[in-house]
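In what follows, a single structure is set out as structure tokens and then discussed.
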Amino acid sequence: MKIATWNVNSLRVRLPQVLRWLDTHRPDVLALQETKTEDRHFPVTEFEAAGYSAAFCGQPTYNGVALLSRLPMEVFAAALPDFNDPQKRVLAAAVGSLAVLNLYVPNGQSIESDKFRYKLEWLAQLNLWVTALLDKYPQLAILGDFNIAPADRDVHDPRVWVGQVLVSEPERAAFRQLLKHGLRDSFRLHQNGGGFYSWWDYRAAGFSRNQGMRIDHILLSPALAERSLATVIDREPRGWERPSDHAPVMAELGR
DNA sequence: ATGGCGCGCGCAGCGCGA
């Protein structure tokens with residue numbers, strides 16, 4: 001089984017690339033973030049023609065998440081519970097024996113910003129929810145754009161980013177809190193080195209110089225981590241014409 | 001070196017992303 005995540009930075013613009021990538025890799029589930037697409041405009045028929053059913057939770061201009069699946073899918077949440085938030089950043093579904101939680105974690109903008117406080121509150125509420133989810137769904141995968149580089153090896157030049165949003169200690173502490181539940185960063189089950197990124201700035205030729213960050217993740221519950229065969233960041237679409245600034249990340253599960 | 005690009009919105013240029 002293959003599950004994947006991709007921040008597409010507008011599904012309207014990136015639809016041909018998503019269809020191309022699905023056709024090549026045929027994941028069972030693909031979680032999308034930053035669809036920036038209202039539900040009434042979601043390209044359901046295009047994905048159905050490709051063999052995927054779709055669940056989506058969108059809004060105009062900003063945010064928006066979706067799940068594509070080749071297997072029957074039953075949505076059980078479209079928001080963080082007990083957290084009043086108009087921003088569409090969460091979509092959770094049961095797919096076969098798995099529970100899949102698609103997240104678009106707030107960016108935070110800057111440490112001084114109100115948006116940063118919102119990010120930390122959002123992450124705290126997520127941590128509360130994950131405790132309950134793991135009880136109910138032992139086979140839980142949490143995937144998406146976390147907007148957190150967990151460690152300095154996930155940042156091209158940590159000195160430039162010290163104390164900034166995406167790498168600050170409070171954000172990393174929230175990420176570690178998720179791992180304390182027993183969740184594993186699936187990429188790190190298979191690769192210990194640095195220099196592996198999932199996002200590169202459009203500016204300053206970030207991709208061609210591999211100046212990026214690893215902020216898109218697939219976390220696996222203990223039961224799923226045991227089944228983990230591989231997790232790869234596919235850099236290829238980042239090199240296509242008019243790319244998203246994020247690359248897809250895909251995990252392969254055995255048994 | 002904090003701009004640099006790309007997106008939506010909407011028709012100029014701004015807010016936002018990371």
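By convention in this document, chain letters (A, B, ...) are assigned in the order of the sequence lines, proteins followed by strands, and residues within each chain are numbered from 1.
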Examine [N]: is either OP1 or OP2 under 4.0 Å from a nitrogen or oxygen in the side chain of [X]? Give yes or no.
X: A:N7; N: B:dG17; answer: no
X: A:R242; N: B:dC5; answer: no
X: A:Y104; N: B:dA18; answer: yes
X: A:N147; N: B:dA18; answer: yes
X: A:H246; N: B:dA18; answer: yes

field: Sub-4.0 Å heavy-atom contacts from residues 105-118 of chain A onto DNA chain B, ordered by number
entry: A:N107, A:Q109, A:K115
Of the candidate nucleotides [options], which contains the atom at the shortest distance from the side chain of [X]?
X: A:W199; options: B:dA18, B:dC7, B:dG4; value: B:dA18
X: A:R203; options: B:dC16, B:dC7, B:dG17; value: B:dG17
X: A:S10; options: B:dG8, B:dG17, B:dG6; value: B:dG8

message: Are A:L91 and A:V75 packed together at the side-chain level, in the sense that at least one heavy-atom pair is separated by less than 4.5 angstrom?
response: yes
message: Assuming nearest nucleotide by heavy-atom distance, tell me which of A:I215 and A:A204 is located more 5' along DNA chain B.
response: A:A204
- request: Name the residue closer to the 5' end of DNA chain B, choosing between A:L11 and A:W161 according to the nucleotide with the nearest heavy atom.
  value: A:L11
Whether [X] side chain and [Y] backbone form a donor-acceptor pair below 3.5 Å:
X: A:H156; Y: A:W200; answer: no
X: A:S198; Y: A:D216; answer: yes
X: A:R172; Y: A:A149; answer: yes
X: A:D28; Y: A:K2; answer: yes
X: A:Q17; Y: A:R242; answer: yes

Taking atom [atom1] in both [N] and [M], what distance in whole Å separates the two?
N: B:dA12; M: B:dT2; atom1: P; value: 31 Å
N: B:dG10; M: B:dG15; atom1: P; value: 15 Å
N: B:dA1; M: B:dC11; atom1: C1'; value: 33 Å

Figure out the [atom1]/[atom2] separation between [X] and [N], and round it to whole Å.
X: A:Q33; N: B:dG17; atom1: CD; atom2: C1'; value: 14 Å
X: A:R14; N: B:dC5; atom1: CZ; atom2: C1'; value: 12 Å
X: A:Y62; N: B:dC7; atom1: OH; atom2: P; value: 15 Å
X: A:H41; N: B:dG8; atom1: NE2; atom2: P; value: 13 Å
X: A:Y202; N: B:dC5; atom1: OH; atom2: C1'; value: 8 Å
X: A:D245; N: B:dG17; atom1: CG; atom2: P; value: 12 Å
X: A:R89; N: B:dA18; atom1: CZ; atom2: C1'; value: 12 Å
X: A:R238; N: B:dC5; atom1: CZ; atom2: P; value: 13 Å

message: Please check if the number of heavy atoms outside A:R117 that lie under 6.0 Å from its CZ is greater than 12.
response: no
query: Just wondering, are more than 12 heavy atoms of other shown residues or ligands nearer than 6.0 Å to CZ in A:R12?
result: no
Polar atom pairs (N or O), protein with nucleotides 9-13 of chain B, under 3.5 Å:
{"unit_1": "B:dC9", "atom_1": "OP1", "unit_2": "A:T61", "atom_2": "OG1", "d": "3.3"}

Check ion pair [X]-[Y] (N to O, under 4.0 angstrom):
X: A:R188; Y: A:D154; value: yes
X: A:R184; Y: A:E226; value: no
X: A:D185; Y: A:R214; value: yes

task: For A:D234 and A:W21, run side-chain hydrogen bond (donor to acceptor under 3.5 Å, both in side chains): C-alpha distance rounded to whole Å, both residues' side-chain angles, the deciding distance at 0.1 Å, then the answer.
output: CA-CA 10 Å; A:D234 184 8; A:W21 193 81; 2.7 Å; yes
- prompt: NA contact type, A:V13, heavy-atom cut-off 4.0 Å: base, sugar-phosphate, or nothing?
  reply: sugar-phosphate
- prompt: Under 6.0 Å between the ring centres of A:Y137 and A:F76?
  reply: yes
- prompt: Mind pulling the stems DNA chain B is in, i.e. runs of at least three Watson-Crick or G-U pairs, everything under 3.5 Å?
  reply: B:5-9 with B:13-17
